Amino acid sequence: MTAIVVFVAAAIGAAGGQAGASWRPAPELVPLFAPAGPREHAYRTFVSALDLDSLIRALETETGLLAVPRAWAPRALPPFDAFGQTGRYDRRKLARLYGARRPRVARGPRGADGRITESWTLISPYPDPSLTRLEPGTLLIVLSL
């Protein structure tokens with residue numbers, strides 16, 4: 001986990017060192033968006049005060065992120081598509097929270113030597129753990145493969 005925080009912080013710092021650019025581990029979000037059971041331990045969550053576009057620009061120079069068709073392209077998605085169906089979040093609360101608004105989402109793989117080791121999902125804005133307000137920054141969900 002420390003390696004990811006250091007990597008992301010370094011990538012963002014290289015993009016201009018904006019205030020609030022560092023990622024903060026957010027383990028309180030794992031129970032909401034990871035499936036229950038042993039697979040939950042493969043998930044990690046982080047949040048940043050930066051918006052999605054700023055983060056994508058900062059990550060463009062990272063060699064560990066793999067370029068595959070349509071990876072890392074932000075797009076607006078319905079909340080259930082953004083967060084998936086396997087999480088334990090309250091679907092009605094999430095739908096009410098976003099209302100007609102759609103979160104912007106970018107997804108892509110990370111790995112080494114052509115081998116994918118992680119799947120990254122960036123979501124902005126993202127819900128607080130109680131699903132009562134939207135936070136203006138970006139949520140990073142990392143799935144270790």
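Hydrogens, waters and symmetry mates are skipped; everything else that's a heavy atom, side chains included, is used. Position 1 is the first residue of the sequence; numbering continues from there. These numbers were taken from a predicted model, which means no experiment stands behind them.
- The two residues Thr121 and Ala82 make their nearest non-hydrogen contact at CG2-O, 4.2 Å.
- Cluster annotation: Leu59 and Tyr126 are assigned to distinct hydrophobic clusters (Ile/Leu/Val/Met/Phe/Trp/Tyr, side-chain heavy-atom contacts under 4.5 Å, transitive).
- Residues Trp120 and Phe46 are members of one and the same hydrophobic cluster, defined by side-chain heavy-atom contacts under 4.5 angstrom among Ile, Leu, Val, Met, Phe, Trp and Tyr.
- No chain of hydrophobic side-chain contacts below 4.5 Å, direct or via other Ile, Leu, Val, Met, Phe, Trp or Tyr residues, connects Leu65 to Ile116.
- The salt bridge (charged side-chain N to carboxylate O under 4.0 Å, His left out) contacts involving residues 96-109 comprise Asp53-Arg104, where partners must be two or more places apart or lie in separate chains.
- The minimum heavy-atom distance between Pro129 and Leu32, with the atom names listed, is O-CD1, 3.4 Å.
- Here the OG1 atom belonging to Thr61 is positioned 12.5 Å from the CZ atom belonging to Arg57, to the nearest 0.5 angstrom.
- Under the side chain to side chain contact (heavy atoms under 4.5 Å, CB included) criterion, Pro79 pairs with Leu94, Tyr98, Pro103, not counting sequence neighbours.
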Show the atom names and distances, to 0.1 Å, of all donor-acceptor pairs under 3.5 Å that link a side chain in residues 137-145 to residues at least two apart or in another chain.
| unit_1 | atom_1 | unit_2 | atom_2 | d |
| --- | --- | --- | --- | --- |
| Thr138 | OG1 | Leu50 | O | 2.8 |
| Thr138 | OG1 | Leu52 | N | 3.3 |
| Ser144 | OG | Arg44 | NH1 | 2.8 |

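- Listed by chain and number, the residues in a salt bridge (charged side-chain N to carboxylate O under 4.0 Å, His left out) with Arg39 amount to none (sequence neighbours excluded).
- A chain of hydrophobic side-chain contacts below 4.5 Å, direct or via other Ile, Leu, Val, Met, Phe, Trp or Tyr residues, connects Leu131 to Tyr43.
- Partners of Pro27 under the side chain to side chain contact (heavy atoms under 4.5 Å, CB included) rule, at least two apart in sequence or in another chain, are Pro25.
- A pairwise comparison of heavy atoms in Val47 and Ala26 identifies CG1-CB, 4.0 Å as the closest pair.
- Screening residues 70-79 for side chain to side chain donor-acceptor pair (under 3.5 Å), with sequence neighbours left out, gives no hits.
- The shortest non-hydrogen separation linking Ser124 to Pro136 is OG-O, 3.8 Å.
- For Glu60, there are no salt bridge (charged side-chain N to carboxylate O under 4.0 Å, His left out) partners, not counting sequence neighbours.
- Pairs passing the salt bridge (charged side-chain N to carboxylate O under 4.0 Å, His left out) check and including a residue from residues 133-145, sequence neighbours excluded, read Asp128-Arg133, Arg133-Glu135.
- Listed by chain and number, the residues in a side chain to side chain donor-acceptor pair (under 3.5 Å) with Asp81 amount to none (sequence neighbours excluded).
- Residues satisfying the ring-ring contact (aromatic ring centres under 6.0 Å, His included) criterion with Phe83, sequence neighbours excluded, are Phe33.
- The same ILVMFWY cluster, assembled from side-chain heavy atoms under 4.5 Å apart, contains both Leu77 and Leu29.
- Pairs of residues two or more places apart, or lying in two chains, that qualify as side chain to side chain donor-acceptor pair (under 3.5 Å) and include a residue from residues 82-92 are Glu40-Arg88.
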